[in-house]
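In what follows, chains are A, B, ... by sequence order, proteins preceding strands, each numbered from 1. The figures here come from the full heavy-atom set of this structure, side chains too, leaving out hydrogens, waters and symmetry mates.
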There are 2 protein chains.
Amino acid sequence: MTLESVINAQPALQAATSYPRGANVAERSAAPPSLAISTVIFALRPIEGTDRLALWLPLVRRIREPFKDQWALPGGPLSHQESLQDAAGRNLQETTGLKPRFLEQLYAFGGLQRSAQKNTQRVVSIVYWALVQPPEAALATESDNVRWVRADCLEELAFDHNEIVEYALWRLRNKLEYGSLAYHFLGERFTLAQVREVYEAVLNRQLDPANFRRQLKATVDIEETDEYLQGGKHRPPRLYRYTGNTETFN
Amino acid sequence: MTLESVINAQPALQAATSYPRGANVAERSAAPPSLAISTVIFALRPIEGTDRLALWLPLVRRIREPFKDQWALPGGPLSHQESLQDAAGRNLQETTGLKPRFLEQLYAFGGLQRSAQKNTQRVVSIVYWALVQPPEAALATESDNVRWVRADCLEELAFDHNEIVEYALWRLRNKLEYGSLAYHFLGERFTLAQVREVYEAVLNRQLDPANFRRQLKATVDIEETDEYLQGGKHRPPRLYRYTGNTETFN
DNA sequence: GCAAAAGTGTTTAATATACACCCATGA
DNA sequence: TCATGGGTGTATATTAAACACTTTTGC
């Protein structure tokens, strides 16, 4: 399943099903809210023309009302047979093609003004967020209806998806410094400079290489290997491995 | 509405509605999950017999299956007319009788093993957590079916409510030091020693009064008043006011 | 050798901790 | 005046930041 193919699943969850015209008000308001799962997928990619990294996320174009032709977060329906976490994971797999190394619940959005349509069924969205590595991200190819965009210069998205991305960014920046988050953007082995690049891209500011290296090594959860990254222009840097646990809640 | 009276609302949300026997499997699995809202309500109360504070929360006794006669978090149905935040706030108001100064979404729980019953409708619970002040907490009177218990020595609760409380405690302890959380346990004016007592109760360890005072005053969000708390046994301490914003997300 | 990133050392400032000490009040 | 918590001062340890300097590679 490709990223594009999930677009067809979109309207089923975030667009709204109208009630039959004959339904009276009491019946309508008694109807249960429907449940949807969306995911904010962050990846680090170089800014075009430069070698500096920035945060990107994939969007899909809506092909039905409401918000037809606008861009939205990838999402899917909540199947009766899977947990919330599994539903989000499956959705991410269908979207990027790979199992995420980091997938965590972000927030449940259930405001009444989420859909611009009137007389629609209420939709509660449980939003997850994921971090993927560059090789994984490369599998989610672009097309007319799938696009990677920079997270910090978004156009207007469908529904309340702009706010959702803002919140995800806020969470990412807050959680970064005090946990294992950065390593989810990287492979199993990495140089300390690569970790610094992750921090610099996410926090959007320069960090002192010398001090950053010392702080990282003070973290006991990092372990040096005997290998060095070859092929660079300068002195080959040592490769490290993350040894802390990467478990998330639920 | 009293705390006790909301018990009757409980089964409607966390117990499960069986499907008619004639329904086939396809129809059954297509049925949408139902949505419930629960709230973990924390208050600081003295440990019996001492003057040290500890975290307490109110529980209600279930009067129907599943988990009949076991204790559970107060909860209520999600009305079609209100936002998630409003639904949680109304539920808290019905429970403790007062508008909370702090109410925030905790997590959406939607595991499939949440109910011990088979052949039941799936229930997704969006759980909020609240902090209330002692005078507010006093309004939630105890009865046969309503009890305040200490948060750190819970018996076995209904559903997965033990895990939910554990998670809420974890969040509380993490968020305490870096925000305005502590002041939600206190009134508009307070002494610095009272703030320290809140920290000591939540973090469950002693803090140096001198250093704590200095760190607090380094926070620009605190302002001294001209008033002093009279009636104590010793030197009357100065009263302070919190000037930071107490807004929460959503 | 030169440029550039890897990696180390050192100096300084900011912050946390420990604890001695004075202050103001009720009893 | 004594006990006690309120409140201040200070000396020390720990940590963060700034930046000079050495090392190792490709070209």
Task: A:D221 backbone acceptor or donor facing A:T243 side chain under 3.5 Å - done: yes

- [ ] Would you confirm whether B:E200, through its side chain, and B:L53, through its main-chain N or O, come within 3.5 Å as a donor-acceptor pair?
- [x] no

- [ ] Tell me, please, the opening and closing nucleotides of DNA chain C, 5' to 3', among those with an atom under 4.0 angstrom from a non-hydrogen atom of chain A.
- [x] C:dA4 to C:dT10

- [ ] Say whether B:R171 and B:N174, considering side chains only, have a donor N or O and an acceptor N or O under 3.5 Å apart.
- [x] no

- [ ] Scan A:A218 against the nucleic acid and name what it touches under 4.0 Å (heavy atoms): base, sugar-phosphate only, or nothing.
- [x] nothing

What is the separation between atom [atom1] on [X] and atom [atom2] on [N], rounded to the nearest whole Å?
{"X": "B:E224", "N": "D:dT8", "atom1": "CD", "atom2": "C1'", "result": "14 Å"}
{"X": "A:N211", "N": "D:dT15", "atom1": "CG", "atom2": "P", "result": "15 Å"}
{"X": "B:R213", "N": "D:dG5", "atom1": "CZ", "atom2": "C1'", "result": "10 Å"}
{"X": "A:Q215", "N": "D:dA17", "atom1": "CD", "atom2": "P", "result": "6 Å"}
{"X": "A:R238", "N": "D:dT23", "atom1": "CZ", "atom2": "C1'", "result": "14 Å"}
{"X": "B:D208", "N": "D:dG6", "atom1": "CG", "atom2": "C1'", "result": "13 Å"}
{"X": "B:L216", "N": "D:dG7", "atom1": "CG", "atom2": "P", "result": "12 Å"}

Task: Nearest-nucleotide comparison on DNA chain C, the residue closer to the 5′ end among A:K217 and A:H234 - done: A:H234

TODO: Sort out for me which residue in A:W129, A:F42, A:Y183 forms a ring pair (Phe, Tyr, Trp, His ring centres under 6.0 Å) with A:F102.
DONE: A:W129

TODO: By nearest nucleotide on DNA chain D, pick out whichever of B:R214 and B:R196 is the more 5' one.
DONE: B:R196

- [ ] Using a cut-off of strictly less than 4.0 Å, decide whether B:R235 has a side-chain nitrogen or oxygen near OP1 or OP2 of D:dA3.
- [x] no

Task: B:D208 vs B:F212, side-chain contact (heavy atoms from CB on, under 4.5 Å): CA-CA, chis, key distance, verdict - done: CA-CA 6 Å; B:D208 185 304; B:F212 184 82; 6.0 Å; no

Task: Partners passing side-chain contact (heavy atoms from CB on, under 4.5 Å) against B:Q70 (at least two apart in sequence or in another chain) - done: B:F67, B:E156, B:A158

Open item on the list: Tell me every residue that passes side chain to side chain donor-acceptor pair (under 3.5 Å) with B:R52, counting only those two or more places apart in sequence or in another chain.
Closed with: B:Q206

